[in-house]
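The next block holds one structure in the form of structure tokens; read it before the comments.
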Amino acid sequence: MKHFLTLLDLKPYELAHILNRAFELKVMQKAGKTHHTLAGKTLGMIFDKASTRTRVSFEVGMYQMGGHALFLHSGTTQLGRGEPVEDSARVLSRMVDAVIIRTFDHAMVERFARYASIPVINALTDLTHPCQILADIMTYMQHRDEIRGRTVAWVGDGNNMAHSWINGAVAFGYHLNLACPKAYAPDESLLNKARSLGAQIELTHDIRAAVSGVDLVTTDVWASMGQEKEKIEREKAFSGFMVDSCVMAYAKPSALFMHCLPAHRGEEVSANVIDGPQSIVWDEAENRLHAQKSLLEFLLQQ
Ligand code: CP
Ligand code: NVA
């Protein structure tokens with residue numbers, strides 16, 4: 001039995017298998033072919049934070065594969081009223097076949113996984129968002145080819161998405177350039193671990209240096225969920241970190257633009273970039289569905 005709390009939980013060949021299968025599932029779904037590979041299976045979906053893409057893609061994915069998903073919002077569960085994580089993990093393990101969790105503290109998901117006897121998937125924590133990277137790599141492959149050996153530029157906050165791109169550099173073998181304001185660098189131990197595992201990662205404060213000649217540019221909001229009170233101070237710190245057409249012009253002419261969404265046009269990305277010809281954000285959002293269906297199949301067939 002395996003969990004998926006970060007990209008480092010699975011071997012590169014397992015991730016490659018999940019992505020290949022995701023493309024097959026996508027073809028079947030587009031062709032209207034029944035693919036009830038998870039018939040009778042159930043997925044518990046614990047959410048302590050808001051979501052559109054993650055919730056909908058997991059719930060629809062389970063339905064399309066013949067299974068069922070239960071939306072468990074913290075405001076309406078005993079977990080939300082303080083029932084111990086360890087107890088909730090053991091109880092849900094007796095009732096459902098897998099659990100996804102979106103919460104603040106990554107350690108909560110780790111604790112839950114330690115006491116669960118079913119696969120646990122990280123559906124976003126303050127530390128990482130690995131499901132998004134599965135969809136992002138699938139989307140790059142859809143538009144180009146293998147991402148191994150390519151260069152990705154991350155512009156903005158050293159947040160959960162940046163951390164996942166860092167772990168992705170280990171798992172998928174791309175070079176990663178991060179341009180972050182000094183006070184908003186990624187977690188040092190996570191970065192050092194990725195480097196020690198062979199990832200080629202440059203950290204800079206200079207957007208131009210980070211983006212020059214890259215194959216893919218990506219960014220995310222300046223204030224993540226839970227950081228709403230820091231919005232004003234973050235806007236100041238991140239001024240100059242918008243991905244606009246001048247920034248995209250440093251990248252290769254063939255470079256693509258991605259954003260996990262939701263996006264703030266005029267803050268971390270200009271409207272003409274996110275809505276422009278280099279942007280593949282809608283495919284990226286759609287591929288959450290296909291990549292996670294494949295992930296669920298993989299974890300439930302272990
Ligand atoms: N990208 C992403 O995870 O979107 P949601 O917050 O809508 O789930
Ligand atoms: N960094 C963002 C990602 C949302 C999908 C957040 O945590 O709010």
Side-chain angles (χ1 to χ4, degrees), residues 4-7 22 43-62 69 71-74 99-109 121-140 152 154-168 178-181 183-187 190 216-231 234-235 237-238 241-243 257-265 267-269 274 279-293 295-296:
F4 186 61
L5 307 191
T6 81
L7 288 158
L43 176 69
M45 307 195 301
I46 298 172
F47 279 84
D48 287 338
K49 286 181 176 178
S51 171
T52 298
R53 282 143 287 267
T54 306
R55 184 209 168 159
V56 174
S57 53
F58 272 110
E59 189 163 337
V60 169
M62 282 304 286
F71 180 59
L72 304 167
H73 192 264
S74 54
V99 164
I100 68 165
I101 305 176
R102 169 168 286 199
T103 192
F104 296 86
D105 183 10
H106 191 78
M108 178 272 190
V109 182
I121 296 172
N122 173 3
L124 182 148
T125 64
D126 289 345
L127 190 70
T128 56
H129 191 12
C131 293
Q132 182 69 51
I133 297 296
L134 282 184
D136 293 359
I137 304 303
M138 180 179 179
T139 311
Y140 187 84
V152 177
W154 170 269
V155 178
D157 192 12
N159 65 9
N160 46 9
M161 278 304 306
H163 293 157
S164 296
W165 279 104
I166 290 169
N167 286 339
L178 299 137
C180 308
Y184 295 92
D187 181 82
L190 187 139
L216 171 65
V217 180
T218 185
T219 185
D220 187 15
V221 292
W222 293 339
S224 286
M225 289 181 277
Q227 296 171 337
E228 289 78 6
K229 284 200 189 117
E230 299 169 30
K231 192 173 169 355
R234 281 173 169 268
E235 271 169 19
F238 285 91
F241 278 79
M242 184 198 295
V243 177
F257 173 78
M258 285 197 210
H259 190 308
C260 64
L261 305 176
H264 294 85
R265 288 169 177 77
E267 291 184 22
E268 77 274 8
V269 61
I274 194 167
S279 171
I280 51 171
V281 297
W282 312 123
D283 288 332
E284 182 185 3
E286 178 193 327
N287 285 335
R288 296 292 304 279
L289 172 67
H290 311 298
Q292 288 158 199
K293 283 166 72 178
L295 174 68
L296 286 166

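Please read all numbers here as calculations on a predicted model, not as lab measurements. In each ligand, atom 1 is the first atom listed, and ligand 1 is the first ligand listed. Counting from 1, the numbers follow the sequence of the chain as shown.
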Could you check atom 4 (O) of ligand 1 against the protein and tell me its nearest heavy-atom contact, residue, atom and distance included?
Arg53 NE, 2.8 Å
Kindly determine whether Ser57 and Gln292 satisfy side-chain hydrogen bond (donor to acceptor under 3.5 Å, both in side chains), including the steps that lead there.
CA-CA 7 Å; Ser57 53; Gln292 288 158 199; 2.9 Å; yes
Arg288 side chain to Ala135 main-chain N or O, any donor-acceptor pair under 3.5 Å?
no
Quick check on contacts: which atoms of ligand 1 are under 4.0 angstrom from a heavy atom of His129?
2 (C), 3 (O)
Record the part of Leu124 in heavy-atom contact with ligand 1 below 4.0 Å; permitted values are side chain, backbone, both and neither.
neither
Ligand 2 contact on Asn160 by region, counting heavy-atom pairs under 4.0 Å
side chain
Pick one: which of Thr128, Ile133, Ile166, Ile137 meets side chain to side chain contact (heavy atoms under 4.5 Å, CB included) with Leu7?
Ile133
For ligand 1, which atoms have a heavy atom of Thr52 less than 4.0 angstrom away?
5 (P), 7 (O), 8 (O)
Checking heavy atoms under 4.0 Å, the part of Asp157 that sits near ligand 2 is neither
Taking only non-hydrogen atoms of Leu261 and a 4.0 Å limit, the atoms of ligand 2 in range are 5 (C)
For ligand 2, is Thr54 a contact, meaning one of its heavy atoms is under 4.0 Å away?
no
Quick one: nearest non-hydrogen protein atom to atom 6 (O) of ligand 1, plus distance?
Arg102 NH1, 2.8 Å
Which of the ligand 1 atoms, numbered from 1, are nearer than 4.0 Å to a heavy atom of Leu261
1 (N), 2 (C), 4 (O)
Applying side chain to side chain contact (heavy atoms under 4.5 Å, CB included) between Lys231 and each of Glu228, Glu235, Gln227, report the one that passes.
Glu235
Is it true that a side-chain atom of Asn160 and a backbone atom of Thr125 form a donor plus acceptor pair closer than 3.5 Å?
yes
Of all the atoms in ligand 1, which lie at a distance below 4.0 Å from a heavy atom belonging to Cys260?
1 (N)
Protein heavy atom at shortest distance from atom 2 (C) of ligand 1:
Arg288 NH1, 3.2 Å
Do Arg234 and Tyr184 form a cation-pi contact, if we require the NZ or CZ to be under 6.0 Å from the six-membered ring centre and within 45 degrees of the ring's axis?
no
